[in-house]
Amino acid sequence: MKNPLPDVRVAIPPALRPLCGNRGELWIAAHDVRGVLAEIARIHPEVHVRICDEQGEPRPHINVFVNHDHVRLRDGLTTVLTVGDLVTILPAVSGG
Amino acid sequence: MHADIQRYSRQILFQGIGEAGQRRIMAGRVLVCGCGALGSALADGLARAGVGFLRIVDRDFVELSNLQRQVLFDEDDVANQLPKAVAAAQKLTRINRTIQVQPIVADIDHANILGLVQDVDLIVDGMDNFETRFLINDAALHTQTPWVYGGCVGSVGQTLTVLPGESACLRCLIDSAPDAGALETCETAGVLGPIVHWVAALQVVAALKLLAGRRDLIEPVLTVVDVWDGSLRKLNVAGLRERANCPACVGGERGWLSGEKGSRTTVLCGRNAVQVTPPEKTTLDLPELAGRLAGAGDVAVNRFLVRLTLSTGGCCLTVFADGRAIIQGTDDPGTARGLYARYVGS
């Protein structure tokens, strides 16, 4: 029997919270970071379109971290997740 | 203790600085880019700490809505319509007459930035847009000058210290300029005064470490803070420049410094208007933009454009779906770019 997908936490930036019920954190079951983004596309498409481009890649101003590491320091969007990992969707901050 | 450094006695007592560190700080030269909320808090912190030379560059004038968070300014500066760089220099000179403050009222662009950077030890970022930050990043890499990025909006902020050739640079994190309208701005989403001071405090500490000769204490992290929930996270970006194969700090690309990249502005003759074309092609969600601008003035929207008439200043921004905007009420390209960055975002 196939192992169930791990439940991970996904930190949603303040600007996108109104698009997902004003929640700062989502629990999502996904094998890797790409799976997290795909699940966001399914349950909160308005959030996904602001995070990812038409090819499903994070937009240039969006960085993704798994726990404390930038995903590019691991395996990018194919970074495998374990139960309880924190995936942070982090838009650049422009103001000053 | 010698009289010239007596005023810094509390800072010298702190073991991370000491008298030797303080003397290095006093010999330090810093470029403060922008003197709005972050920039004025940065300049205030650096001047009080005794940094020997501050060059403060800003293109704007003091307005009443600035006073909520821009600590160097007061109602007299608004009444006198002083440029921010000048008002800041006057205030800082009253705070610390032993340092040299050079105000420059200018728009930072690819033609002047190397002249601003060439004789400083460090650049601190108080800008409000990514176009200028990419330019600062290019200039810092070109001259091997460390710089400290800082940004804030709403209740959140971020800061990153860039050590050219050693640590991740801004383009390791963000390869190209965010699409027009992609990011919140302080004019559309608001900003809390305390987040400005938290981010500026982290930037000033990074600056003091570098100036005091403690480069070894700079961590390869992007620090992310939220003053509303009281959180601080240090996110690891060590080794990102190699993994990201960064076009700027690994590949040597300097498109912003050469002027190849960046928005284009065209003064529309006889119309008291400037057209701003964003650096990257984009498709704006016009109703969404209109919603974000609702608090900034009178907003009208149709399927072709959004028109924002500002409640103060007499300017009107007409923004088209391709990201292009016509700014009426000015013939100054720097002013137009500034209004575009504030209200559309870059």
Side-chain angles (χ1 to χ4, degrees), chain A residues 8-20 22-26 33 36 44-79 81 84-96, chain B residues 33-34 36-39 42 125-130 133 149-159 168 170 172-179 182-189 191 195-196 199-200 221-222 224 226 228-229 233-240 243-244 280 285 341-342 345-346:
Chain A
V8 299
R9 292 181 295 150
V10 181
I12 303 295
L16 301 184
R17 290 175 193 170
L19 303 174
C20 55
N22 285 317
R23 291 158 71 189
E25 197 170 276
L26 303 174
V33 175
V36 167
H44 295 298
E46 284 191 319
V47 173
H48 185 263
V49 77
R50 283 166 174 77
I51 298 172
C52 293
D53 61 19
E54 293 76 6
Q55 284 73 47
E57 298 294 316
R59 294 185 181 277
H61 64 280
I62 299 288
N63 282 284
V64 181
F65 292 80
V66 173
N67 299 328
H68 291 290
D69 292 333
H70 197 289
V71 289
R72 280 193 232 128
L73 297 172
R74 295 196 180 186
D75 294 318
L77 298 187
T78 58
T79 300
L81 302 169
D85 276 347
L86 175 62
V87 177
T88 302
I89 311 282
L90 192 70
V93 174
S94 172
Chain B
C33 292
L38 269 182
L42 290 167
D125 163 31
M127 298 305 305
D128 61 0
N129 67 86
F130 270 105
R133 289 195 180 99
Y149 154 67
C152 50
V153 69
S155 67
V156 301
Q158 298 178 10
T159 178
L170 189 64
C172 297
L173 280 171
I174 311 167
D175 180 37
S176 57
D179 292 337
L183 296 179
E184 292 182 305
T185 73
C186 296
E187 276 65 25
T188 59
V191 61
I195 189 60
V196 173
V199 172
V221 295
L222 175 69
V224 180
D226 185 335
W228 198 247
D229 66 18
R233 295 182 67 201
K234 294 200 275 189
L235 300 173
N236 177 27
V237 294
L240 193 60
R243 292 296 294 269
E280 308 287 342
D285 180 338
R342 278 188 197 177
S346 66

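Just so it is clear, the values below take in all heavy atoms, side chains as well, and ignore hydrogens, waters and symmetry mates. Protein chains get the first letters and strands the later ones, always in sequence-line order, with residue 1 at the start of each.
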Q: Which region of B:T185, side chain (C-beta onward) or backbone (N, CA, C, O), has a non-hydrogen atom less than 4.5 Å from a non-hydrogen atom of chain A, or is it both or neither?
A: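 When you check distances to chain A, no heavy atom of B:T185 falls under 4.5 Å.
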Q: Report which part of B:L222 has an atom under 4.5 Å of a heavy atom belonging to chain A: side chain, backbone, both, or neither.
A: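 Answer is side chain: those atoms of B:L222 sit under 4.5 Å from chain A.
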Q: Which value, rounded to the nearest 0.5 Å, describes the distance between A:D53 atom CG and A:H48 atom NE2?
A: 8.5 Å
Q: Is it the side chain or the backbone of B:A189 that comes within 4.5 Å of chain A heavy atoms, both, or neither?
A: neither
Q: Nearest 0.5 Å, what's the NE2-CZ distance between A:H61 and A:R50?
A: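 Here the interatomic distance stands at 10.0 Å.
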Q: Tell me, for B:R133 versus chain A, whether the close heavy atoms (under 4.5 Å) come from the side chain, the backbone, both or neither.
A: side chain
Q: Evaluate the ring planes of A:H70 and A:F65, with Trp represented by its six-membered ring, and classify them as parallel (under 30°), tilted (30 to 60°) or perpendicular (over 60°).
A: perpendicular
Q: Going by the rule side-chain hydrogen bond (donor to acceptor under 3.5 Å, both in side chains), which residues pair with B:D229 if we only count those two or more places apart in sequence or in a different chain?
A: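 Expected list: B:S231.
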Q: Which atom names give the shortest non-hydrogen contact between B:Q158 and B:V199, and what distance separates them?
A: O-CG1, 3.8 Å
Q: Show me the side-chain donor-acceptor pairs of residues 71-78 of chain A shorter than 3.5 Å, one per line, residues at least two apart or across chains.
A:
{"from": "A:R72", "atom 1": "NH1", "to": "B:C172", "atom 2": "O", "distance (Å)": "2.6"}
{"from": "A:R74", "atom 1": "NE", "to": "A:D69", "atom 2": "OD2", "distance (Å)": "3.4"}
{"from": "A:T78", "atom 1": "OG1", "to": "A:D75", "atom 2": "O", "distance (Å)": "2.7"}

Q: Got a second to check how far B:D128's CG is from B:C186's SG, nearest 0.5 Å?
A: 7.5 Å
Q: Does any backbone or side-chain atom of B:A200 lie under 4.5 Å from a heavy atom of chain A? Answer side chain, backbone, both or neither.
A: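 Contact with chain A involves no heavy atom of B:A200 at all.
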Q: Which atoms of B:L183 are under 4.5 Å from chain A, going by heavy atoms: the side chain, the backbone, both sets, or neither?
A: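 Interface part for B:L183: side chain.
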Q: Backbone N or O of B:G150 within a donor-acceptor pair of the B:D125 side chain at under 3.5 Å?
A: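 Yes, the answer is positive, given that a donor and an acceptor are paired below the 3.5 Å cut-off.
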Q: Quick one: which residues of residues 88-96 of chain A reach chain B at under 4.5 angstrom, heavy atoms only?
A: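 At a heavy-atom separation under 4.5 Å, chain B is reached by A:T88, A:L90, A:P91, A:A92, A:V93, A:S94, A:G95, A:G96.
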Q: Can you tell me which portion of A:L16 sits under 4.5 Å from chain B's heavy atoms? Options are side chain, backbone, both or neither.
A: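 Neither part.
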Q: Write down the atom of A:I51, the atom of A:I62, and the distance for their closest heavy-atom approach.
A: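 Result for this residue pair: O-CG1, 3.6 Å.
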Q: Under the salt bridge (charged side-chain N to carboxylate O under 4.0 Å, His left out) test, which residues partner A:R9, sequence neighbours left out?
A: A:E25
Q: Who among B:I174, B:L235, B:V153, B:V237 has the most heavy-atom pairs with chain A under 4.5 Å?
A: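 Going by pairs under 4.5 Å, I would pick B:L235.
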